[in-house]
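Notes follow once the structure below has been shown.
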Amino acid sequence: MDHFAMSKRRSIIEIPSLNAIDRTAHVGRQLAQALRSAIASGELRPGERLPSTRTLSATLKIARGTVVEVFDQLTAEGYLEAQVGAGTRVAAALRDTPPARPSERAAPAIEETIDLPSPAARLMAIARALTPHPPVPFAVAVPASGIAPDDNWRRLGNRMRASKQAAPSGYHDPMGLPELRVAIADHVRRARAVHCAPEQVIVTSGTQQGLYMAGRVLLSRDDPVWAEDPAYPGLTAVLDDLGVRTCRVPVDAQGMNVERGLELCRQARAAFVTPSHQYPIGMPLSMARRNALIAWADQNRAWIVEDDYDSELRYAGHPFPSMQGLRPSRVIYLGTFSKVLFPSLRLGYVIAPLPLAEAFAGARAILDRHSPMAEQHVLAAHMKEGYFEAHIRRIRGLYAERRAILLSALERALPEGCSVEPSDQGMHILLWLPEGTDDVQLAARALTAGIAVRAISPMYAGQPARPGLMLGFGGFLPEQLQAAVGELVRLLRLCETADKRTNATVKE
Ligand SMILES: Cc1ncc(COP(=O)(O)O)c(C=O)c1O
């Protein structure tokens, strides 16, 4: 078909969308959209000549400059082509690949328009599993308000903003701000008996990123790896995403059962552990197990990834020193400021054996290059000027009080069959529920009633999952904690009654 002949049959001025331009809104954008649609729908055909900008401007009563701009834009987008002496035509190349027609019906849901690739489906499930709780009792990650960030933090922030240090600049070292790396090395040496030099410190956006980086640096696809059972969902999500073969090693009263790990998968390449405060249950890894884990790592040239997420918050006795201090060449130590300061800060650190430090910097660089410099400056000053130590002492006292209030409120009100797991550390306690309780359903009901608790059973993989709930206390006032215990106990009793009724029906 001869397009030039076609174009003689009617003028493009007759195209309705061109005549429907609203002169009170952005005229150029409307003209461009009208021309794109006309080309996509076939009203304007490939090769068809457009009127001159002068004619179009006069007919549509649009400034000529606007028409020229629209023609230039659509030429750049490939809809039109201009030839010297031959005017402007609809691009002939569109004959082979016509532009997609915009949908005439209401925009369909995104799931209808694309087949979800398998990583997308997996990542959607992770997004749902890791959705943070609202800041209501007993959300675990909520810091005490008025304390973190406190006045000192704000003052340091203002000082940094006023100084050149936090001025806009180019990219920086993925390892982090040198002053902050020095301050972190000092802190972990003193507080956790970590053996390290500042060159081994890589600043991260938190332990979640540290876990991912450790996986990238240490593991290849299909490598066997140990993780605790039960384990932190943020870790199991990382291991799934890396495509490694995760062997879940059961936890008992002494922490990860290393002997069982040896039976299950001696040749694992790495073990991910929470030795100070097993997540979610709370016991420390015993000294005998620490030694066994290190002996295994030495023999197998395997790595230990130590997630030391909350050991600054210890309320009684002395914590075990870090495992890193026992074998600095085999342990990757992960620390975070999320518990001692606040999670939205998004700063943490990896302490890597020196030969691996640069590889961690590479892993960081391909993720997001580095953490924002202004926050790193504020934190470095906070640590260097002694505010950090004082802050830890203050919140340790405050969290100890809140923890005691929660424990005594629970002790007074708990229904039979419930018990609290003893632990002296962190921002949460673990409440075991009677055998057979559906902790997931209970957590969902609690959320509707304005209480945020995490169910434990989904954190198990192999051994029979025990129902339980994690209750955070750090961010809530005594009266909030007491009221929430009352509400939680009411829900527990409702559960109990429902269970009894179901049992009675089954017996009948
Ligand atoms: C065991 C454990 N590891 C890692 C993290 C992640 O911490 P971050 O906020 O530093 O990413 C958390 C957070 O609660 C945690 O409980």
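For ligands, and for the atoms within them, numbers begin at 1 and follow the listed sequence. What you see is a predicted model; the values in this text were computed from it and never measured.
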Looking only at protein heavy atoms, which one is nearest to atom 13 (C) of ligand 1, and what is the separation? Tyr232 OH, 3.4 Å
Return yes or no for this condition: an N or O of Thr336 is under 3.5 Å from an N or O of ligand 1. yes
for atom 14 (O) of ligand 1, nearest protein heavy atom and its distance come out as Lys339 NZ, 3.3 Å
Is the shortest N/O to N/O distance between Ser205 and ligand 1 below 3.5 Å? no
Distance under 4.0 Å to a non-hydrogen atom of Gly206: what atoms of ligand 1 satisfy this? 10 (O), 11 (O)
Does a donor on one side chain and an acceptor on the other come within less than 3.5 Å for Thr274 and Glu228? yes
Given 3.5 Å as the limit, does a donor-acceptor pair link the side chain of Arg290 with the main chain of Pro275, or not? yes
Quick one: nearest non-hydrogen protein atom to atom 3 (N) of ligand 1, plus distance? Asp307 OD2, 2.5 Å
The atoms of ligand 1 lying under 4.0 Å from a heavy atom of Arg346, numbered in the order shown, are 8 (P), 9 (O), 11 (O)
Could you check atom 16 (O) of ligand 1 against the protein and tell me its nearest heavy-atom contact, residue, atom and distance included? Tyr279 CE1, 3.3 Å
Over all atoms of both residues, closest heavy-atom pair of Ala144 and Arg402: CB-NH1, 3.8 Å
Close aromatic pair by centroid cut-off 6.0 Å: Tyr232 and Phe272: no
Checking side-chain polar atoms at under 3.5 Å, does Thr204 have a donor or acceptor matched by the opposite partner on Gln209? no
Assess the side chains of Arg364 and Ser371: does a donor N or O sit below 3.5 Å from an acceptor N or O? yes
Strictly under 4.0 Å, does any heavy atom of Gln209 approach an atom of ligand 1? no
Nearest protein heavy atom with distance in Å, relative to atom 9 (O) of ligand 1: Ser338 OG, 2.6 Å
Evaluate whether atom CD of Glu416 has more than 12 neighbouring non-hydrogen atoms of other residues, nucleotides or ligands under 6.0 angstrom away. no
To check your reading of the model: name the closest protein heavy atom to atom 7 (O) of ligand 1, its residue, and the distance in Å. Thr207 CB, 3.8 Å
For a side chain to side chain contact (heavy atoms under 4.5 Å, CB included) check, start with the C-alpha distance between Cys196 and Val188, then their side-chain angles and the critical distance, and finish with the verdict. CA-CA 8 Å; Cys196 73; Val188 291; 3.9 Å; yes
Output the list of atoms in ligand 1 that are nearer than 4.0 Å to some heavy atom of Gln208, sorted by atom number. 6 (C), 8 (P), 11 (O)
